[in-house]
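Data block below; observations after.
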Amino acid sequence: MSYNKLAIKLMLNYLIGSLVAVFGFCGIFMLHPLQFSVQETAVFLGIVVVSFLLMLFIEFSAYSKHIAPIKKAMRQKRPTLMGLEAAYQRAHRFPLLSFQRIILPHFVGITAPAAILTMLAITMGWLSIPYYYTVIACFAALLIAFMHGMIEYFLTSLVMRQVLKILKEKGLNLYQKDISHGAHMLLAINKKFYFSAAFLSVFPMLLFAAATTLRLYEFGSSFMTEYIVWAVVVVLTVLFFALFGSNLLTRDIQEPVEQLQNGMREVEAGNLEKLNNYYSDEFSHLINGFNHMVDSIVEKKQMTEQLHESFFTVFAATLDARDPYTAGHSLRVAEYAQHIGRRTGLSESELALLRQSALLHDIGKIGIRDEILLKDGKLTESEYETIKLHPVIGEQILQEIHPSDAIVPLLPGVRHHHERFDGKGYPDRLAGEDIPIFGRIMAVADAFDAMTSDRNYRKAMSFEKAMAILIEGKGSQWDPLFVDLFVAWYQTEYRKQASVTAANE
């Protein structure tokens, strides 16, 4: 849709509504009940035409200001991002602005001059109607303005949805950005129902009451006062039932809408819970659709987590396979680290990150030459310094993975799993609680598995001896808290599991 087509649609909607409201109101409500003479009809129509033209001028000024950001964004081949965002926000508000234009410049622009000119014509003797007629006419014009404004709001909403789609596509195509973020609810659905139901119910009653009042006045009825009282009672009764009915209807619609909104907020927060569906109308299909979406997200999430876990596990196994003496090392370190993490009180999400970090803690050994990594016997000082580079190399390798948000939490454990609690470790010689928690936990788990595994230069130690070395190194090489937690796990759960396994065999 081009801007010219948009402008034509908006102007046609507006002009049709205005002409029907103004001239329909004048012909049916005013000219017919009052039975003007030919001369008075000409005077009255002249007043209407002058007022109508003045209204168009005032309202067109407001319209030009309101449409300006949209006009600019739609006519330019490459509008700025700021211009697109401003146009999107204005298009989002445009239906409400249209209603406001009808109620303010439209109503005031035609009613004020029409009332003044009518009273002037009465004074000059050009119209033979009482002055209070202008009050009734202004009241009726206000009713017409509200009806016109409501129609304009809904018609403009239909047009602006197309405009919003065009502007959003421009933002994506030109700047790869979704400019629809930040659009806020301007008019709640309950307000739409209350206003529409109340006005549609009362509008014809009020218009009929005003027209009948004029008709009774024309015939000089003696029941004018009684009629007005009766009309007020009827209008108030209709208004009460209209508001009561719209309240029931609004509540019936708002409940499932709020349920869906709460469900979407929960999904956004990561809580994939399905909604209860106890509706028997179209909302039943919406709730079912939401629940199908949740099922699909859960299925995709489980698949992604399985692939994610498989990636880390296979990667760790591939690294360990490089050296037959360290086969399964990363998997065991991850298992030991998680036992410590659970006893520390880490959350499930933190435990998952700890496991992933432990699985990849030795990834930097990819950058170490085989003649050093697989060397039989004692390493030279130079070779040992090369081996000590693997935590830093591992961090550098992982920093190349994108999106980085998924990798950043793993970096501290990979870089610092060889730091010592007394500050004599590597690569940064951190000490105490300055060492990241993953690094301190993995240092215990890594050392224990290294001591209890066969290496090309020595046989594996017994678990008891390794535990004794860990206890001896508390406060110097390892964090005392995590050593105690690991020892407690070994003395309770591990031995219990080992006893059960032996009994089964």
TODO: Output yes when a side-chain donor or acceptor of Lys170 lies under 3.5 Å from a complementary backbone atom of Leu81, and no otherwise.
DONE: no
Open item on the list: Restricting to non-hydrogen atoms, name the atom on Pro105 and the atom on Ile58 that form the minimum distance, rounded to 0.1 Å.
Closed with: CB-CG2, 3.7 Å
TODO: Taking all heavy atoms of Ser51 and all of Leu117, pick out the closest pair and write down the distance.
DONE: OG-CD1, 4.3 Å
- [ ] For this output row, return yes or no: ring centroids of His361 and His329 closer than 6.0 angstrom.
- [x] yes
Open item on the list: Minimum heavy-atom separation for Asp405 and Pro409, please, with both atom names.
Closed with: O-CD, 3.3 Å
- [ ] Kindly indicate whether a cation-pi arrangement holds for Arg415 with Tyr426, taking the cut-offs as under 6.0 Å to the six-membered ring centre and within 45° of the axis.
- [x] no
- [ ] Could you tell me the separation between the NZ atom of Lys71 and the OH atom of Tyr3, rounded to the nearest 0.5 Å?
- [x] 4.5 Å
TODO: Please determine if Arg101 forms a cation-pi arrangement with Phe94, meaning its NZ or CZ atom is less than 6.0 Å from the six-membered ring centre and no more than 45° off the ring axis.
DONE: yes
Open item on the list: As a quick check of understanding, evaluate ring pair (Phe, Tyr, Trp, His ring centres under 6.0 Å) for His285 and His292, giving each step before the final call.
Closed with: CA-CA 10 Å; His285 299 300; His292 287 316; over 10 Å; no
TODO: Report the distance from atom CG of Asn291 to atom CG of Leu275, rounding to the nearest 0.5 Å.
DONE: 5.5 Å
- [ ] Verify, without hydrogens or angle tests, whether Asn262 (side chain) and Glu258 (backbone) share a donor-acceptor contact under 3.5 angstrom.
- [x] yes
Task: Whether over 12 other heavy atoms sit under 6.0 Å from Gln176 CD - done: yes
- [ ] Report, as yes or no, whether the 6.0 Å neighbourhood of atom CZ on Phe290 holds more than 12 heavy atoms from other residues, nucleotides or ligands.
- [x] yes
Open item on the list: Strictly distance-based, threshold 3.5 Å: is any side-chain N or O of Asp281 a donor or acceptor partner for the main-chain N or O of Phe283?
Closed with: yes
Open item on the list: Using a 3.5 Å distance criterion without hydrogens, assess whether the side chain of Glu419 forms a donor-acceptor pair with backbone atoms of Asp428.
Closed with: yes
TODO: Answer yes or no: does atom CZ of Phe57 have more than 12 heavy-atom neighbours from other residues, nucleotides or ligands under 6.0 Å?
DONE: no
Open item on the list: Test your reading of the model: is there a side-chain donor-acceptor pair from His339 to the backbone of Tyr336, 3.5 Å cut-off?
Closed with: no
Task: Residue Gln76 excluded, over 12 heavy atoms near CD under 6.0 Å - done: yes
Task: Between Ser347 and Glu350: side-chain donor-acceptor atoms closer than 3.5 Å - done: yes
Open item on the list: What's the separation between atom CZ in Phe438 and atom NE2 in His416, rounded to the nearest 0.5 Å?
Closed with: 13.0 Å
Task: Nearest-0.5 Å distance that lies between atom CD1 in Ile407 and atom CD1 in Ile401 - done: 4.0 Å
Open item on the list: Under 4.0 Å between a side-chain nitrogen and a carboxylate oxygen: does that hold for Glu385 and Lys388?
Closed with: yes
TODO: Decide whether Ser180 and Asp178 meet the rule of one side-chain donor and one side-chain acceptor closer than 3.5 Å.
DONE: yes
TODO: Report yes or no: does Arg440 contribute a side-chain atom to a donor-acceptor pair with the main-chain N or O of Phe421 at less than 3.5 Å?
DONE: no
- [ ] In plain terms, say whether Lys177 and Glu85 are close enough for a salt bridge, that is, a side-chain N and a carboxylate O under 4.0 Å apart.
- [x] yes
Task: Distance (rounded to the nearest 0.5 Å) between Ile340 CD1 and Glu335 CD - done: 11.5 Å
Open item on the list: Show the nearest heavy-atom pair for residues Pro69 and Ala87, with the distance to one decimal.
Closed with: O-CB, 3.5 Å
TODO: Please confirm whether the backbone N or O of Ile287 pairs with a side-chain atom of Asn277, one donor and one acceptor, at under 3.5 Å?
DONE: no
Task: Gap between atom CD of Gln89 and atom CG of Leu167 - 0.5 Å precision - done: 10.5 Å
Task: Main-chain N/O of Leu353 paired to Ser357 side chain as donor or acceptor, under 3.5 Å - done: no
Task: Check: Tyr279/Gln259 side-chain N/O donor and acceptor closer than 3.5 Å - done: yes
